[in-house]
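Since the structure comes first, as structure tokens, the remarks are kept for the end.
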Amino acid sequence: MLQKISELTAPNRIILMENEVYRLPQTHREIQVLSGIAWITLDQQDIILQSHEKASLPPSKNFAVISALNNMPLILAVWQDKNQALRF
């Protein structure tokens, strides 16, 4: 389920090139692919998102690991839960 925009901070933009991997902080729960194809692994489950697709990641004690597929740069927007942002 998507959260209300007012419950999320302004998005951060992440750019990954071929062979780069990004460990998404646990406080970031919304992710949208702006360009490219993302391979996301969280709790031993894989999620593939293509350009303009968005997903809500479930709460987890683990970090989500993100990498680009198809030798293309990957551009992501990620949102942090405001309640989580206030704790740090």
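- Taking the side chain as every heavy atom from C-beta outward, Ile15 and Met17 approach each other to under 4.5 Å.
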- Message: Using the rule given for side chain to side chain contact (heavy atoms under 4.5 Å, CB included), can you reason through Tyr22 versus Val65, listing the C-alpha separation, both sets of side-chain angles and the distance that settles it, and then say yes or no?
- Response: CA-CA 6 Å; Tyr22 182 76; Val65 177; over 6 Å; no

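- Side-chain contact check for Trp79 versus Lys54: some heavy-atom pair is nearer than 4.5 Å.
- The closest side-chain heavy-atom distance from Val78 to Glu30 is not below 4.5 Å.
- Listed here is the closest heavy atom pair of Ser67 and Val21: CB-CG2, 4.3 Å.
- When side chains are defined from C-beta on, Leu76 does not count as touching Pro11, because their heavy atoms never get closer than 4.5 Å.
- Between Ile14 and Ile75 the shortest side-chain heavy-atom distance does not fall below 4.5 Å.
- A 4.5 Å side-chain heavy-atom check between His28 and Asn12 finds at least one atom pair inside the cut-off.
- Summarising the geometry, atom CD belonging to Gln50 is positioned 11.5 Å from atom OG belonging to Ser35; distances are rounded to the nearest 0.5 Å.
- Counting only heavy atoms from C-beta outward, the side chains of Phe63 and Leu24 never approach each other to under 4.5 Å.
- Here CD of Gln26 is found 6.5 Å from OG of Ser60. Values are rounded to the nearest 0.5 Å.
- Here the closest non-hydrogen pair linking Ile40 and Ala64 is CG2-CB, 4.1 Å.
- Linking Ile, Leu, Val, Met, Phe, Trp and Tyr residues whenever their side-chain heavy atoms come within less than 4.5 Å places Leu42 and Ile47 in a single cluster.
- The CE atom of Met72 sits 11.5 Å away from atom CD of Glu18, with the distance rounded to the nearest 0.5 Å.
- Atoms CD1 and CD1, on Ile37 and Ile48 in that order, are 8.0 Å from each other to the nearest 0.5 Å.
- Here the closest heavy-atom approach between residue Thr27 and residue Gln80 is recorded as OG1-NE2, 2.9 Å.
- Side chains of Ile31 and Leu49 form a contact here, defined as non-hydrogen atoms less than 4.5 Å apart.
- Following chains of ILVMFWY side-chain contacts shorter than 4.5 Å, one cannot reach Ile66 starting from Leu34, and the two form parts of different hydrophobic clusters.
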